[in-house]
Amino acid sequence: MKPIYLDYAATTPADKFALAAAKPYMTSIYYNPSSMHSLGRRAYAAVERAREKTARAIGALSDEIIFTSCGTEAIQQALLCFPYGERKKVIVSAIEHDSVTACADELIKRGITVEKIMPTFDGIITPEALKNVIDESTALVCVMTVNNQTGAVQPVRELADVAHRHGALFFTDAVQAVCTTDINVASTGVDMLAASAHKFYSLKGSGFLYKKKTVKLNPFIVGGRQEYGLRAGTENVPSIVAMGEAIERAVVDRREFTEQVTAAENAFFSGLTVGKIVTVANRAAGISSVVFDGVNGGRLAIALSLAGVCCSVGSACSSGSATPPPTLVAMGVKNPECAVRFSFGKNTTPDEAARAARIVNLTVDKLKKKS
Ligand code: PLP
């Protein structure tokens, strides 16, 4: 039997609309958008249309969108290409993805002071926690929109407000947010935002950084004038075109998506007789961690994979590792090394989810008996 995929936070399949939009740019319209001739102009126009769609989906202007190869790259551009001046402090939440914490480590090496802010026991970075550490030396505040381990939705607008009141800029990693959460930069006021196409039913190979017009960055890749000279290199046209299509649909489909995914989650959690769900104050549908006391999460994820359920421990990039997810550690969750993340997608049916719950119950019982 086909394994049940409960790892949509790691990646999603490209939907048929995204694929159809991309196809001509892999076959007949394969031209280089930088070519001055009429055929090159067709590829260029397609990239610019995708930029408009992407901008519209998040309430931005077209020239505030920089296409990247993935979410990690967008995050690196925001944090490592920022021209730190007099202000030499960056505040980073303790629940960020590795792609952000690795940048924070790099910033420390470059002489920037990095301060961490801790979440509440229910997974939220509060404006009060930020107020306690922010001061006039703060250049940037980084708090993600939706957490990749718990699904906790962060109060981005309020946090951005605190940052601005102290003259700092606000960056948010919205990689896990696009399908479920309003990421309109006009209403949240964030200065920079990162997202990744393969997390919202489009192709791998593209993502984007939103950068408010007034924010200046140094180039990430030099050698060409693409992406306003900030990210040289020939664009991944098919993936960018697909992303424009997918983000437009993701915004329209948000409510339906949430309903579908919630139905699958409900079937899963009501069938689960083992484990404790990590509860958070405000959760986006689709992502949850469950702690199975007495069973190591890494061991369980491997056993579940053999039994036909694919889920993950830690973040996507470290799937298979048994180190406790930093988010759960920061929240003070007991036995975080026993956690497994289940993430649901629009293709998950309630039947499939209920079947997965039965497999989890059996597998946990078996592992407990063995140990
Ligand atoms: N940020 C978050 C919250 C993520 O979950 C991920 C990937 O899992 C990333 C960033 C990295 O995105 P990408 O895989 O597109 O580099």
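Both ligands and their constituent atoms are indexed starting at 1 by order of listing. Every value quoted in this text rests on a predicted model; they were computed, and no experiment measured them.
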Next item on the list: Please check if the side chain of R157 supplies one atom and the backbone of S187 the other of a donor-acceptor pair under 3.5 Å.
Entry: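 Flag set: sc R157 to bb S187 pair under 3.5 Å.
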Check: Counting N and O atoms only, with roles assigned by atom type, does the side chain of T172 sit under 3.5 Å from a partner on the main chain of V143, one being a donor and the other an acceptor?
Finding: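 The answer is yes, because a donor-acceptor pair under 3.5 Å joins these two groups.
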Margin query: Are any of the N/O atoms on G71, whether in the backbone or the side chain, positioned under 3.5 angstrom from an N/O atom of ligand 1?
Written below: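 Yes: some nitrogen or oxygen of G71 is under 3.5 Å from one in ligand 1.
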Could you list which atoms of ligand 1 come closer than 4.0 Å to a heavy atom of [X]?
X: S196; answer: 13 (P), 15 (O)
X: I75; answer: 10 (C)
X: C70; answer: 15 (O), 16 (O)
X: M144; answer: 3 (C)
X: N148; answer: 3 (C), 5 (O)
X: H198; answer: 13 (P), 14 (O), 15 (O)

Decide whether the shortest distance between a heavy atom of [X] and an atom of ligand 1 is less than 4.0 Å.
X: E96; value: no
X: T11; value: no
X: S99; value: yes
X: K199; value: yes

Notebook entry, point to check: Under a 4.0 Å heavy-atom limit, does V146 contact ligand 1 with its side chain, its backbone, both, or neither?
Noted result: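 V146 to ligand 1: no contact under 4.0 Å from either part.
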Notebook entry, point to check: Among S69, S206, S202, which residue meets the side-chain contact (heavy atoms from CB on, under 4.5 Å) test with S239?
Noted result: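 The residue from S69, S206, S202 that satisfies side-chain contact (heavy atoms from CB on, under 4.5 Å) with S239 turns out to be S206.
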Notebook entry, point to check: Going by atom types only, do R341 and S288 share a side-chain donor-acceptor pair under 3.5 Å?
Noted result: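 Distance-only check fails for R341 and S288.
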Check: Relative to each other, are the rings of F342 and F268 parallel, tilted or perpendicular (30° and 60° limits)?
Finding: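 Answer is tilted, since the angle falls between 30° and 60°.
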Next item on the list: Could you tell me if the ring centre of F208 sits under 6.0 Å from that of Y210?
Entry: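 No, the ring centres sit 6.0 Å or more apart.
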Item checked: Test: E227 and R51 ion pair at under 4.0 Å ->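 Yes, this pair counts.
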Next item on the list: Kindly check if the number of other-residue, nucleotide or ligand heavy atoms within 6.0 Å of CD (E136) is above 12?
Entry: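 Yes, because the 6.0 Å sphere around CD of E136 holds more than 12 heavy atoms from other groups.
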